[in-house]
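So the structure is just underneath, and the comments pick up after that.
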Amino acid sequence: MLRRLGEIPPTAGLPLQAADLLPRGDALTLRLAAQLGVPPLQLTCSGTAALLITLSTLSELAPGRNVVVVPAYTCPLVAIAVHRLGLRLRLCDTRPGHWDLDPHRLAALCDERTLALVPTHLAGLVADVETPLAMARACGAFVIEDAAQALGARDGAHSVGLRGDAGFFSLAAGKGLSIYEGGLLVAREEALREALSATARRDERAGCRQELRRSLELVMLAALYRPLGLRLAYGVPLRRALRRRDPVTAVGDVFPPEIPFHRVGRWRRGVGTRAASRLPAFLSANRARARARIARLRELPGVIAFDETSGTTGSWPFLMLRMPDAERATAVLARLWGSGLGVSRLFAHALPDYAYLADRIPQTPMPHAADFAARTLTITNSPWLDDTAFEHIVDVIAHTLG
Ligand SMILES: *Cc1c(COP(=O)(O)O)cnc(C)c1O
């Protein structure tokens with residue numbers, strides 16, 4: 001068994017440097033838009049806030065529509081945001097063994113009440129947007145690409161987020177580039193971009209207290225986002241949750257009902273600006289490491305290691321594995337989840353199975369999503385996971401397969 005002092009984070013976040021924290025002019029959205037090759041980006045205080053802005057803008061454009069269709073396997077914040085606006089949440093089961101929206105289920109959810117479909121680029125891999133887009137066009141609904149986990153992922157020659165009507169990225173801690181909490185909105189059409197900015201100007205608060213708090217949290221993130229600090233900030237609470245058999249807390253899937261909604265201050269924008277200059281090199285190193293490791297994982301019989309589909313490029317925050325059955329996923333996690341090596345689950349459950357959200361999420365069974373949640377696990381793509389530690393993980397999985 002490997003013994004190490006530090007803790008490897010479950011996703012490949014870009015580590016901050018001391019110099020990032022020095023005051024500096026703000027060019028965050030300009031720099032990222034240039035790197036990604038996208039139209040002007042709108043900065044928000046979180047990915048969830050970006051989704052709120054998009055949904056309220058779209059509901060004003062289409063007043064007769066109030067149904068938002070989201071995948072049954074996704075971040076609970078997406079469901080919380082839809083509920084928060086008083087819109088009607090409808091879950092779409094995923095296609096078997098995957099996180100893409102199941103086209104057969106989707107067809108039944110598209111009608112004259114449907115406001116938006118939310119295909120989701122999980123694990124930094126490009127989801128099928130074409131199918132939901134065609135169905136949305138046929139019924140007059142919009143498509144919002146949830147690219148919270150996919151900053152830097154490319155669909156053909158373009159960034160994700162541009163096929164649908166709008167898309168959003170997350171700048172939360174652990175999601176690639178981070179200003180502790182933040183989000184980016186992208187939209188292809190200028191008219192919609194203007195409407196999205198107008199909504200933000202109207203609804204966002206200055207939020208000085210929130211911003212002060214986020215700034216302190218960002219200083220702590222810069223200080224602790226390294227293996228020794230993460231042992232304290234991430235490893236200790238993780239192992240406590242695992243001892244209590246509380247996977248929802250272990251994954252970090254417990255969210256408060258209120259969604260902060262304020263402007264991001266100049267200092268945090270400056271920190272993001274400095275860190276963003278290292279993002280392209282960081283992503284390309286992560287890609288090379290991920291591709292080599294995916295090839296290695298594919299040698300394991302019965303394990304599916306999700307890879308880029310043809311013509312797409314992932315951003316690779318972590319590697320996603322589907323085990324032959326739930327028992328073996330649980331067995332691997334029993335050995336590795338608390339081991340400090342960055343092995344985890346992505347989400348604890350399919351959306352209907354979070355007890356704390358039962359009053360906000362339709363309790364319709366979602367068999368594919370539930371099966372997918374039970375059979376999958378993630379391996380970090382953090383540069384701190386060295387080859388020896390990765391091989392140890394591969395050995396544990398191989399041993400579990402028998
Ligand atoms: C993290 C995440 C969000 C929410 O983004 P925040 O910046 O944390 O608000 C939405 N969707 C998915 C798939 C996510 O992983």
Side-chain angles (χ1 to χ4, degrees), residues 47-95 98-121 127-148 155 160-168 185-200 202-203 259 350-352 357-369:
T48 311
L51 177 60
L52 283 179
I53 291 170
T54 311
L55 288 173
S56 42
T57 307
L58 297 179
S59 7
E60 281 162 32
L61 295 174
R65 296 173 177 266
N66 69 346
V67 172
V68 181
V69 179
V70 315
Y73 181 79
T74 190
C75 178
L77 282 168
V78 173
I80 294 172
V82 174
H83 181 265
R84 184 77 191 72
L85 289 173
L87 295 168
R88 207 158 141 230
L89 177 70
R90 307 260 339 242
L91 302 184
C92 178
D93 206 356
T94 56
R95 63 182 172 81
H98 204 275
W99 58 85
D100 274 346
L101 296 161
D102 186 340
H104 302 291
R105 307 288 144 159
L106 199 51
L109 295 166
C110 292
D111 59 32
E112 72 290 342
R113 308 286 300 161
T114 312
L115 176 66
L117 312 180
V118 188
T120 303
H121 304 289
D128 172 19
V129 180
E130 272 317 298
T131 310
L133 195 57
M135 292 192 189
R137 291 292 177 257
C139 77
F142 296 97
V143 168
I144 305 170
E145 291 181 50
D146 178 344
D155 183 355
V160 290
L162 294 175
R163 251 182 222 276
D165 299 284
F168 66 95
L185 248 176
V186 66
R188 209 183 42 241
E189 304 281 347
E190 192 180 349
L192 183 56
R193 284 203 297 281
E194 276 169 12
L196 294 166
S197 311
T199 304
R202 186 192 64 199
D203 294 348
I259 302 165
L351 286 181
L357 292 171
D359 57 337
R360 282 168 278 173
I361 292 181
Q363 295 296 293
T364 326
M366 293 285 148
H368 298 161

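Interatomic distance, Thr57 OG1 to Asp165 CG, rounded to the nearest 0.5 Å: 12.0 Å. Atom CG of Leu87 is separated from atom OG of Ser59 by 5.0 Å, given to the nearest 0.5 angstrom. With rounding to the nearest 0.5 Å, the separation of CG in Leu51 from CG in Leu85 is 8.0 Å. Here Leu89 contributes atom CG and Asn66 contributes atom CG; the two are 11.5 Å apart, rounded to the nearest 0.5 Å. Of the inter-residue distances, the one linking Thr131 atom OG1 with Leu101 atom CG reads 9.0 Å to the nearest 0.5 angstrom.
Judged by distance alone, with hydrogens and angles left aside, the side-chain atoms of Thr114 form a donor-acceptor pair with the main-chain N or O of Leu109 at under 3.5 Å. Looking at Thr120, its side chain does come within 3.5 Å of a backbone N or O of Val118 through a donor-acceptor pair. Between the side chain of Thr199 and the backbone N or O of Ala195 there is at least one donor-acceptor pair closer than 3.5 Å. Looking only at distances, a side-chain donor or acceptor of Asp93 sits under 3.5 Å from a matching main-chain atom of Ala369. Not one N or O on the side chain of Glu145 forms a donor-acceptor pair closer than 3.5 Å with the backbone of Pro119. Side chain of Arg113 to backbone of Val67: no donor-acceptor contact under 3.5 angstrom is found.
Scanning both residues, Leu117 and Pro132, for their nearest heavy atoms gives CD1-O, 3.3 Å. A pairwise comparison of heavy atoms in Leu196 and Ala187 identifies CD1-CB, 4.0 Å as the closest pair. When all heavy atoms are compared, the tightest approach of Phe142 to Ala62 is CE1-CB, 4.1 Å. A pairwise comparison of heavy atoms in Val69 and Cys92 identifies CG1-CB, 3.7 Å as the closest pair. For the residue pair Val160 and Ala147, the shortest heavy atom distance occurs at CG2-CB, 3.8 Å. Ala166 approaches Thr54 most closely through the heavy-atom pair CB-CG2, 3.9 Å.
In this structure, the side chains of Arg163 and Val143 stay at 4.5 Å or more apart for every pair of heavy atoms. At least one side-chain heavy atom of Asp146 sits less than 4.5 Å from a side-chain heavy atom of Phe168.
Listed by chain and residue number, Asp100 satisfy the salt bridge (Lys or Arg N to Asp or Glu O under 4.0 Å) test with Arg95 (two or more places apart in sequence, or in another chain). Residues meeting the salt bridge (Lys or Arg N to Asp or Glu O under 4.0 Å) test with Arg84, sequence neighbours left out: Glu258.
Remark: Glu112 does not engage Arg65 in a salt bridge, criterion side-chain N to carboxylate O under 4.0 Å.
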Donor-acceptor pairs are to be reported for all side-chain atoms of residues 357-368 against protein atoms at under 3.5 Å, with residues two or more places apart or in another chain.
{"unit_1": "Arg360", "atom_1": "NH2", "unit_2": "Tyr356", "atom_2": "O", "d": "3.4"}
{"unit_1": "Gln363", "atom_1": "NE2", "unit_2": "Ile361", "atom_2": "O", "d": "2.9"}
{"unit_1": "His368", "atom_1": "ND1", "unit_2": "Thr94", "atom_2": "O", "d": "2.8"}

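Within 6.0 Å of atom CZ in Arg188, more than 12 heavy atoms from other residues, nucleotides or ligands are found, so the atom counts as buried in its surroundings.
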